[in-house]
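Quick note on labels: first sequence line is chain A, next is B, and so on, each numbered from 1.
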Amino acid sequence: MDITHIINSLNEEQREAVVNTNENLLILAGAGSGKTRTIVHRIAYIVITGSAHWNQILAVTFTNKAANELKSRVAQLLPNQRNAGLWTGTFHSICHKLLRIHSQEVGLDGNFQVIDTDDQLRIIKRIHKERSLDEQSWPPKKILGYINQMKERSLRAKDCYDDSNLFLRTQSEIYEAYEAHCIANHLVDFTELILKCTEMLESNEAIRWRYHTQFKHILVDEFQDTNRLQYKLLKLLSTDAQRIVAVGDDDQSIYSWRGAVVDHMFSFEKDFPPVKTIRLEQNYRSTQPILTAANQVISHNSKRLDKTLWTEIESDEKLKLYAAYNELDEAQFICDQIKSLQSSGLKLDDCAILYRSNAQSRVFEEKLGQEQLPYRVYGGLRFFERAEIKDIIAYLRLIANPSDNYAFERSINQPPRGIGKMTFDKIRQEALTNTTPLLAAARTTQITGKAQAALEQYVSLVSDSLADFGQLSLLVEHIVTSTKMIAYLSTQRSPQTESKIENIKELINAAKYYDKYDSIQEALNEFLSHAVLDQTHESEHAAQQVQLMTLHAAKGLEFPVVFLVGLEDDLFPHKMTHADDMQIEEERRLCYVGMTRAEKTLFLSYAETRRLYGQEMYQRPSRFIRELPSDLIDNLRVAKTTRITQQKTTFEFKLGQNVKHEKFGEGVVLNYEEDGDNSRIQVRFISEGTKWLLCAYANLSIA
DNA sequence: TCGAACGTTCTTTTT
DNA sequence: GAACGTTCGA
């Protein structure tokens, strides 16, 4: 047995993390310290030394994409092994797998379907309608947040009933109704997948024992982003006989808004003894200046585990900071830089543009398009979240699970086939009196006139026997043709029509990957859960494309050249986070994540003015810019200052400058008009509103 | 029953 | 500015 190729290329700490199977390990892995590599090598080491078989290893990753990468890298390392048995995936997909296996034991319908946040909201809005609750007083999104939070704390509706006031009582009653809806429609939301699994393992000793004996090794990546329910699941799955490895970096914890609890990195030692802590502090990715700057920024955070990243990669290339006039100038600047880098031999896919929020991608997409630079946007409205795709998915969901009233509601008149509110209300009444699902009610409801034929056709379409098709892609194609979906879209003369049709063709294509299943029922269920759980839908991507994504989506990736854009207060850090120090620290970690994606070159940019919510806004540079070490920064353009002569003094300002006026108090400079002695300056005062002032008499001073 | 036109509200990140 | 919901006329 030759293990040299598995351990030779590792540094001392990495090697210990790979070969130590005597203790549980907490690996504090800094950015670019070879974290994934260590996990991959450890799995290979476990298998090749005979410590466990593939199916006795459980490796939890943060995204499904990471899981796929893990698998293929292990395969590269051990080319002659079949690693199909390896359990990898997100907490959600692993729990989904467990629930499919044990659906009977947990009382779930075998064809239960997974729903996303959007579907959850629909259910809550439906409940609002049933109870005539207005969405102002009980905002669906808030209620949804409450329900998810309760579930993450393992609290069922019955544990939450609270009638201390009207709001709390209504909220807990909606939770109860929501639970009932999910059960009746055989629907399972994201958190429910995990909650159900923890309940199953808690209450069913036989199942618990089965997995305790099966899994000899558990590895958890991105451990800093586990929430309390996921942590509980880990505790339930683990025993003294196993080895569990948690890998994480507290400085890269950027999901607390989703319930992630960094403190799990502190409690791990207590809950999973005996624990050996290993620090991976050598960074193999970034140059010294980039790393020093990133370290400097993150050092402004108060609550950190002690860890110092270092690198051997010397460079005299400083970080570059660009102050753009506005968001268009920012995009133009980046295009120019990319072009010049390209002409010196850089590949487009080595460049990444990273931004705080998805909406920011638009300007870059437009500019890159104009400049004929190919690009690819990751995330955003993801493939399976697009309306036209969800419409077809609704048909599929209803076929898989005839109890799904939400799928029925979405598909019955999409595309419009003459079944309106009247008909739908009749069906719902019928369903209510007979306590059957809507689809069953649609078969028995008496309908007359035009709607009758349309309804019959619809019902027969979604009642078609699955077996008739044999292959999933044929079924999808059948739905598309018999609903005349494409013809309908073509009549809509919206600019997105073409891409919608493309998407539908792509969906049929995606279904083809499931044609190999023996049973179409199984293929359908797998396809549908893939559509919800695994948003990494890789449409074939040409290599040479600039990469665009949010900072969150960039976690775990690296690029030779990174553009970190929109570094403006209110945008990044986002204005929703300003009031709360903890949240500002999370924004700072996000900034740290962004900076440490860069290998060689890091551009930072901000715009002095920006169109936001349809309005021109004057922006202040982000506080993170002030936290950078100035000796490592090249200023490519300093904000343009203008000098005006007032009665007594000369006054120098830039747009967005905070100023003070003797009478009107403090304000901010919005605009300036050059016109000799009549030059004017526009200022928005805090208490007096916006005013134009003659420069000569303005008598402003810097606030 | 349908779609155009209007008004309203909300704008963070994702499994 | 966009996405959503509502209203109104055909």
Side-chain angles (χ1 to χ4, degrees), chain A residues 60-67 89-96 114-118 120-122 125 128-129 134-136 139-141 148 151-152 188-194 222 225-227 229-230 253-260 354-363 378-382 384-385 387 412-425 449-451 454 488 491-494 496 529-536 549-555 566 570-578 583 586-587 589-591 593-594 610-617:
Chain A
V60 186
T61 57
F62 190 66
T63 62
N64 286 290
K65 197 172 151 204
T90 60
F91 278 105
H92 295 91
S93 64
I94 284 164
C95 286
H96 174 251
V114 184
I115 56 170
D116 65 12
T117 312
D118 189 57
Q120 285 186 288
L121 271 176
R122 276 168 207 274
K125 287 180 181 170
H128 277 63
K129 275 199 184 130
D134 71 286
E135 299 189 356
Q136 306 288 329
K141 276 192 180 156
N148 286 336
K151 287 190 176 201
E152 267 168 31
V188 175
D189 64 48
F190 285 137
T191 311
E192 182 75 21
L193 287 168
I194 302 173
E222 307 285 8
D225 287 324
T226 50
N227 67 31
L229 192 55
Q230 294 164 339
S253 158
I254 53 176
Y255 283 94
S256 74
W257 53 274
R258 210 172 81 183
L354 308 182
Y355 36 80
R356 176 65 177 83
S357 61
N358 278 309
Q360 286 170 260
S361 75
R362 231 195 73 220
V363 185
Y378 290 79
L381 230 209
R382 282 178 292 292
F384 286 106
E385 286 171 4
I412 184 152
N413 203 29
Q414 189 60 38
R417 53 164 69 81
I419 304 175
K421 194 174 176 300
M422 299 285 281
T423 313
F424 186 70
D425 280 346
K450 222 178 83 185
Y488 167 73
T491 63
Q492 310 291 99
R493 34 176 212 293
S494 101
Q496 295 109 318
S529 41
H530 165 85
V532 197
L533 285 172
D534 187 357
Q535 298 281 353
T536 27
M549 66 192 83
T550 64
L551 288 157
H552 283 87
K555 191 168 77 157
D570 287 1
L571 200 60
F572 187 34
H574 195 273
K575 70 158 170 278
M576 310 294 276
T577 65
H578 274 50
Q583 288 192 57
E586 177 144 320
E587 296 284 299
R589 291 193 291 270
L590 199 50
C591 183
V593 167
R610 177 181 295 274
R611 258 188 112 73
L612 278 174
Y613 325 130
Q615 257 203 321
E616 203 76 23
M617 305 285 279

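Checked by distance alone, A:Thr63 brings no side-chain donor or acceptor within 3.5 Å of a matching partner on the base of B:dT15.
Taking the charged nitrogens against the carboxylate oxygens, A:Lys151 and A:Asp189 do have a contact shorter than 4.0 Å, which makes a salt bridge.
Across B:dT15, C:dG1, B:dT12, the shortest atom-to-atom separation from the side chain of A:Arg258 is found for B:dT15. Ranking C:dG1, B:dT13, B:dT15 by closeness to the A:Thr117 side chain, first place goes to B:dT15. Of the candidate nucleotides B:dC2, C:dG1, B:dT12, B:dT12 has the atom nearest to the side chain of A:Glu587. In the set B:dC2, B:dT14, B:dT15, B:dC2 carries the atom at the smallest distance from any side-chain atom of A:Pro416. Relative to the side chain of A:Lys125, the nucleotides C:dG1, C:dG5, B:dT12 differ in distance, and C:dG5 lies closest. Distance from the side chain of A:Arg356 is smallest to B:dT12 among C:dA2, B:dT15, B:dT12. Candidate nucleotides B:dT14, B:dG3, B:dC2 were compared by shortest atom distance to the side chain of A:Asn413, and B:dC2 ranks first. The A:Thr423 side chain lies nearest to B:dT1 when the options are B:dT1, B:dT12, B:dT13. Set against C:dA2, B:dT12, B:dG3, the side chain of A:Ser357 has B:dT12 as its closest nucleotide.
Across all strands shown, A:Thr191 has no heavy atoms under 4.0 Å from either base or sugar-phosphate atoms. Residue A:Arg589 is classed as having no contact, given no heavy-atom separation below 4.0 Å to the nucleic acid. Across all strands, A:Phe91 comes closer than 4.0 Å to no nucleic acid atom at all (heavy-atom distances). Across all strands, A:His574 comes closer than 4.0 Å only to sugar-phosphate atoms, never to a base (heavy-atom distances).
The nearest whole Å value for the distance from the NZ atom in A:Lys421 to the P atom in C:dG5 is 15 Å. Here B:dT15 presents its P atom at 11 Å from NE2 of A:His552, a figure rounded to the nearest Å. If you measure from atom CZ of A:Phe62 to atom P of B:dT13, you get 14 Å, rounded to the nearest angstrom. Spacing between atom CD of A:Glu586 and atom C1' of B:dT13 amounts to 9 Å, rounded to whole angstrom units. Straight-line distance from the CZ atom of A:Arg362 to the P atom of B:dT11: 18 Å, rounded to whole Å. The nearest whole Å value for the distance from the CD atom in A:Gln360 to the C1' atom in C:dA2 is 16 Å. The CD1 atom of A:Ile115 sits 17 Å away from the P atom of B:dT15 (whole-angstrom rounding). Going from atom CG of A:Leu612 over to atom P of B:dC10 covers 17 Å, rounded to whole Å.
Remark: A:His92 pairs with A:Phe190 by the ring-ring contact (aromatic ring centres under 6.0 Å, His included) rule, at least two apart or across chains.
When the nearest nucleotides of DNA chain B are assigned to A:Thr90 and A:Gly420 by heavy-atom distance, the more 5′-ward of the two goes with A:Gly420. A residue-by-residue look at A:His92 and A:Gly418 shows that A:Gly418 has its nearest nucleotide of DNA chain B further toward the 5' end.
Dashed line: the shortest gap from a side-chain N or O of A:Arg417 to OP1 or OP2 of B:dC2 is not under 4.0 Å. A:Asn358 has no side-chain polar atom (N or O) that falls below the 4.0 Å cut-off from OP1 or OP2 of B:dT11.
Judged purely by distance below 3.5 Å, without hydrogens or angles, the side chains of A:Gln120 and A:Asn148 pair a donor atom with an acceptor atom.
A:Leu571 has its side chain within reach of A:Leu612: a pair of non-hydrogen atoms, C-beta onward, lies under 4.5 Å apart. Counting only heavy atoms from C-beta outward, the side chains of A:Leu590 and A:Arg356 approach each other to under 4.5 Å.
When all heavy atoms are compared, the tightest approach of A:Glu587 to A:His574 is OE1-N, 2.9 Å. Between A:Tyr355 and A:Ser361, the closest heavy-atom pair is OH-CB, 3.3 Å.
The aromatic ring of A:Trp257 sits over the base of B:dT13, with ring centres less than 5.5 Å apart and planes tilted by under 30°.
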